[in-house]
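Report on the following structure.
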There are 2 protein chains.
Amino acid sequence: MKRNGKLFVALHALVHLDRHGGRAMTSEAVAACLSTHPVVVRRTLGELRQGGILQATRGHGGGWSLAKPADAISLRDVCAALGESLVDPLQVDPEHPSCAVVGSLTDSLGGVLVEIQALLDERLGRITLADLSADVTERAGVAGYRLPEVTNHGL
Amino acid sequence: MKRNGKLFVALHALVHLDRHGGRAMTSEAVAACLSTHPVVVRRTLGELRQGGILQATRGHGGGWSLAKPADAISLRDVCAALGESLVDPLQVDPEHPSCAVVGSLTDSLGGVLVEIQALLDERLGRITLADLSADVTERAGVAGYRLPEVTNHGL
DNA sequence: CAATAGGTAACTATCATAGTTACATGAAGC
DNA sequence: GCTTCATGTAACTATGATAGTTACCTATTG
């Protein structure tokens, strides 16, 4: 895996969970789908659970399942639950007193970045997990590809 | 220093160079301004030199100076010279063959990110080094603060 | 030729994060 | 109640990116 690790794990897992038809999937099954370790799955999906996006049940027959309908989960919700922004925040060391140059930079550049972040949030708020799943179905149909129950593809 | 390291060093140095009145500044002098090491300055400013933003002269009386007027250097130019994007690229491991889910993710999220990156580039293209310097002058005037020749402020 | 200053390779230190191991907690089935 | 399964979480390791540092090269000026 390269970058955007948590977000990628989360979205990938969410699509698989949605396409699993309401049945719970264990961390191990999800991890096999993403070619990663179950603990990594628990860590990442745990943040989505705290964000009200997923629910987890323990013991026999337990696992992860969606806490809301797929069309009520937006990419913005997922990013918010993970604390990811996709736009670099340009944070400055608050330890030292900053000079006028640093102040200008944070204001000018930082102002633009805040605006851009707002635009991105607006866009991401309009894309739902249901959209992603539908897109996967379309691709699978076009390619004549049958999505297996538990895939073991790279990444 | 926290994040956006290269970009912050570059912009901070550019403002100081612009405000130095056309005279060249040595790596050591710039490094003292940014509280960092001269080699870090050479590394970062070297990329700006290759991007045609700065010029460097060696030997006695040498140092760094702007290769273009300050109002002809935009923040977009600086980002481009540094190879920084400020928007996370969501790059996927090309090593493994990707499944339909990964394809959908890169298309949906990646498409939004490309749009956002274009918007950000447009904004950054309208902010020049001259704008930053003017803002610094304004702040210094308001605060009754005299910008020293060589500052040694944090970051 | 000596002094100065950028150019660059090579190494170290730090930090973030993925991966892994180990164990505690809780729920279902016998 | 006990066993089994699955999440929750702490702790450690491995890896990669990057800032800092040292050392030495080349180029230019006096």
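Just the heavy atoms: all of them, side chains too, but no hydrogens, waters or symmetry mates, feed the values below. By convention in this document, chain letters (A, B, ...) are assigned in the order of the sequence lines, proteins followed by strands, and residues within each chain are numbered from 1.
Mapping A:G61 and A:T44 onto DNA chain C by nearest heavy atom places A:T44 closer to the 5' end of the strand. Residues B:E28 and B:R43 each lie close to DNA chain C; by heavy-atom proximity, the contact nearer the 5' end of the strand is made by B:E28.
Looking only at side-chain heavy atoms (C-beta outward), B:D131 and B:R126 stay at 4.5 Å or farther from each other. Looking at A:L54 and A:L14, their side chains come closer than 4.5 Å, going by heavy atoms from C-beta outward.
Atom NE2 of A:H37 and atom C1' of D:dA14 are 13 Å apart (whole Å). As a whole-Å value, the separation of A:R23 CZ from D:dA6 C1' is 18 Å. Between the CZ atom of B:R49 and the C1' atom of C:dG6 there is a distance of 8 Å, rounded to whole Å. Protein atom CZ of B:R42 is 10 Å distant from nucleotide atom P of C:dA5, rounded to whole Å. Put simply, CG on B:L82 is 12 Å from P on D:dT18, counting in whole angstrom units. Atom pair B:Q50:CD and C:dG6:P shows a separation of 16 Å (rounding to whole Å applied). A:L17 places its CG atom 14 Å from the C1' atom of D:dT7, with the value rounded to the nearest Å. Here the P atom of nucleotide D:dA17 and the CD atom of B:E84 are 14 Å apart, to the nearest Å.
For A:D107 (side chain) and A:S104 (main-chain N/O), no donor-acceptor pair under 3.5 Å exists by modelled atom type.
OP1 or OP2 of C:dG19 has at least one side-chain nitrogen or oxygen of A:T36 nearer than 4.0 Å. Look at B:S27 and you'll find a side-chain N or O under 4.0 angstrom from OP1 or OP2 of C:dG6. Put simply, A:R58 has no side-chain N or O that comes within less than 4.0 Å of OP1 or OP2 on D:dT4.
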Inset, instruction - Assess whether salt bridge (Lys or Arg N to Asp or Glu O under 4.0 Å) is satisfied between B:K6 and B:E47, documenting all intermediate values. - result: CA-CA 10 Å; B:K6 275 200 309 184; B:E47 298 186 50; 3.4 Å; yes
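Closest contact between the side chain of B:V39 and the listed nucleotides C:dG6, C:dG19, D:dA23 involves D:dA23. Here the nucleotide nearest the side chain of B:H60, chosen from C:dG7, D:dG8, D:dT29, is D:dT29.
Annotation: A:E28, atom CD; neighbour count of heavy atoms from other residues, nucleotides and ligands within 6.0 Å does not exceed 12.
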